[in-house]
Amino acid sequence: MAVFLLGLVVCPGLPAAVTFTVTPAVVSNTYNGVITLQVTGLTNTETVAVQKFLDFNANGFVDAGDWLVQQFKVTDGAQGMVIAGVTNYNVPADSAATAGQLAVKLNFQNGDFIQSIAGRYTFTLLSPSGNFASISAPFTVTNVSYGQQFAGNVVSNGTSTTLPNSFVLLFPPPQPGRDGPGGSPIAGVMTDSSGHYTLSAPAGSHIIAPFQPNYLTDFSATPVLTLGNGTTLTTNLTLASANSSISGKVADAGDSSKGLPGTFVTSEANNGLMSITFTDTNGNFTLRVQSSPAQWGLLAEGTSLSIRGYVGLQNKTAANVGQTGVIIAVPKATALIYGSVKDNLGNPLPGADIYADDNNNYIYETDAFADANGNYVAGVVGGLSNDPWHVEIDSKTWPSYMFSQPAFNQNGGTNISVNSAVLANFIGVL
């Protein structure tokens with residue numbers, strides 16, 4: 001019997017055990033590189049699924065309360081989304097040269113700010129065909145130290161009841177003549193098990209707001225706070241209670257039965273209230289809201305769609321309080337805009353936000369973010385009728401630079417056909 005068991009161990013015909021690693025396993029929220037997921041021991045051309053959870057209690061396991069913040073599939077040896085010879089590297093694909101192995105590179109600064117919230121995460125590797133048991137790997141995002149910080153508790157309706165399993169986001173101050181945040185979040189952190197947060201931030205003026213899937217954020221009551229050099233500004237942050245809900249599904253516009261899991265979904269009311277959630281493994285969602293006002297605007301955030309090759313919508317989907325079966329239908333990209341963002345000396349400008357939209361009908365919008373080499377690619381919808389695409393740099397990402405514009409911007413944009421790729425390079429000058 002011992003000899004037989006030894007033969008099983010050394011027999012070269014037996015399949016290798018599947019392994020799963022994440023490198024690097026710890027990064028700061030300002031990291032500009034890639035996260036590499038490596039898998040070995042697969043059968044040739046095998047397909048796997050990857051899920052990423054925000055680990056609220058930091059126990060290294062996926063619990064019922066953890067959020068599914070990403071999900072995608074990768075096939076061994078498959079090249080991913082390629083249109084007109086250009087690879088949409090926002091969509092994960094295998095770059096390993098050896099059959100039975102995967103090397104999947106994820107651009108960390110891909111614009112989906114949920115992915116860079118300081119906290120613990122868990123990547124889980126699954127076998128849709130049941131060839132192996134699920135494997136988990138930890139991943140941690142740290143909050144870079146700026147020498148000054150905000151601190152306090154997230155509380156319910158101004159009471160002393162603290163709310164763990166919340167997160168706090170830091171926004172730029174309002175633009176002149178406008179209310180609310182002046183742009184996308186620039187940092188975020190989770191509350192601890194007591195509902196306490198500490199968020200290191202650059203000195204200056206900011207809007208700081210709490211979020212939690214079971215509560216609502218009130219942007220009409222969110223003040224602009226000024227953080228001084230070397231100081232700790234203590235402020236409690238309030239979330240409003242919800243008393244109703246809206247549920248539905250984020251789905252492929254061409255096939256509503258195809259749900260999009262791990263998508264960030266928001267609902268907004270005209271009184272400044274906002275609630276958030278994520279879709280489950282089937283693309284379903286439930287947003288908590290208040291009974292007044294009666295109508296809310298729902299949006300599947302475009303930056304969380306790009307990892308699956310989909311394009312965001314400019315307009316919100318209207319839904320009534322208590323409504324079920326709401327479908328947020330988003331299209332798959334059928335064309336690409338790609339290029340580079342560099343300064344006039346040829347140095348890359350990583351993290352630059354490239355924004356594109358259809359310039360006449362205002363239906364679609366998408367953001368792409370320059371990688372460490374300054375390259376970007378954005379999925380768009382081709383074949384629109386009399387509705388050209390416009391593309392530009394969001395100056396807030398590199399505010400000291402003035403950027404060149406593609407020639408087609410001066411003519412109202414460019415028509416893009418299905419299965420085509422349009423080159424648009426940007427040069428920044430100080």
- request: Consider only side-chain N and O atoms of Gln115 and Asn110, and report whether a donor and an acceptor are under 3.5 Å apart.
  value: no
task: Can you establish whether the number of heavy atoms outside Lys73 located under 6.0 Å from its atom NZ is more than 12?
output: no
query: Under the side chain to side chain contact (heavy atoms under 4.5 Å, CB included) test, which residues partner Asn107, sequence neighbours left out?
result: Asp371
message: Please confirm whether the ring centroid of Phe123 lies under 6.0 Å from the ring centroid of Phe139.
response: yes
- prompt: Under 3.5 Å, is there a donor-acceptor pair between the Thr303 and Asp367 side chains?
  reply: no
field: Partner of Met190 under side-chain contact (heavy atoms from CB on, under 4.5 Å), chosen from Asn165, Leu199, Leu54
entry: Leu54
message: Taking the ring centre of each residue, are Trp67 and Phe167 less than 6.0 Å apart?
response: yes
- prompt: For residues Ser275 and Ser267, is any side-chain donor paired with an opposing acceptor at under 3.5 Å?
  reply: yes
Side-chain H-bond candidate by donor/acceptor type, Thr159 with Asn157, under 3.5 Å: no
Residues Asp252 and Tyr310: side-chain donor-acceptor under 3.5 angstrom: yes
task: Answer with yes or no whether the side chains of Gln101 and Thr40 bring together a donor and an acceptor at under 3.5 Å.
output: no
query: Hey, does Leu287 have a side-chain heavy atom less than 4.5 Å from the side chain of Val265?
result: yes
Ser247 versus Thr324, side-chain donor and acceptor atoms under 3.5 Å: no
